[in-house]
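Both ligands and their constituent atoms are indexed starting at 1 by order of listing. Along the sequence shown, residues carry numbers from 1.
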Amino acid sequence: MKILILNGPNLNRLGTREPSIYGTNTMADCMQQLAAAYPNVHFEYFQSNVEGFLIDRLQQAADEGVEGVVLNAGAYTHTSIALRDCIASLPFPVVEVHISNVHARESFRHTSMIAPVCRGVIAGFGLDSYRLAVSAIVSI
Ligand code: DQA
């Protein structure tokens, strides 16, 4: 099974970015843990700070036999109709994830443009949100 872990803007700075909110672990740590926990899953990882590159990667995933996507769209979650339209067109489940509990933060983070077209949403469990999302995808 092939699962794409896709991160949006500023998530390349995990480990040093606002550690009181996002913790001190890096995405490399997270990917290592996922690979160890799911040896039968082939993980792909992609991060971009550019909205269109995230859309390009999702469209490519559809042509590559990816069976599920764990998507942390960062701030694009709250703004991007283009990302939403792309997700709506995909043949596999996309799970929206957030490291922080967005509902306990500023009100502009309470709205998700993409949640209605995602299979589900996981937020607030730190980097463990990614593992929970993978666990959901493998059991769909
Ligand atoms: C985030 C929450 C977003 O509101 C924020 O813009 C991010 C990270 C999270 O993982 O908690 O970049 O998606």
Undergrad: Under 6.0 Å from the CZ atom of R109, do we count more than 12 heavy atoms belonging to anything else shown?
TA: yes

Undergrad: Check ligand 1 for N or O atoms under 3.5 Å from a protein N or O and list each pair with its distance.
TA:
| unit_1 | atom_1 | unit_2 | atom_2 | d |
| --- | --- | --- | --- | --- |
| ligand 1 | 4 (O) | H78 | NE2 | 2.7 |
| ligand 1 | 4 (O) | R109 | NH1 | 2.9 |
| ligand 1 | 6 (O) | A75 | N | 3.2 |
| ligand 1 | 6 (O) | R109 | NH1 | 3.1 |
| ligand 1 | 10 (O) | N72 | ND2 | 2.9 |
| ligand 1 | 10 (O) | I99 | N | 2.7 |
| ligand 1 | 11 (O) | I99 | N | 3.2 |
| ligand 1 | 11 (O) | S100 | N | 2.8 |
| ligand 1 | 11 (O) | S100 | OG | 2.6 |
| ligand 1 | 12 (O) | R17 | NH1 | 3.2 |
| ligand 1 | 12 (O) | R17 | NH2 | 3.0 |
| ligand 1 | 13 (O) | N72 | OD1 | 2.8 |
| ligand 1 | 13 (O) | H98 | ND1 | 2.8 |

Undergrad: Does F125 have more than 12 heavy atoms from other residues, nucleotides or ligands lying within 6.0 Å of its CZ?
TA: no

Undergrad: Can a donor-acceptor pair be found, under 3.5 Å and without considering hydrogens, that links the side chain of Y76 to the backbone of N49?
TA: yes

Undergrad: Verify whether one side chain among E96 and S112 offers a donor that lies under 3.5 Å from an acceptor in the other.
TA: yes

Undergrad: State which residues pass salt bridge (Lys or Arg N to Asp or Glu O under 4.0 Å) with R131; sequence neighbours excluded, sorted by chain then number.
TA: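 Applying salt bridge (Lys or Arg N to Asp or Glu O under 4.0 Å) to R131 gives D128.
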
Undergrad: R57 and S48: side-chain donor and acceptor closer than 3.5 Å?
TA: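 There is no such pair between these side chains.
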
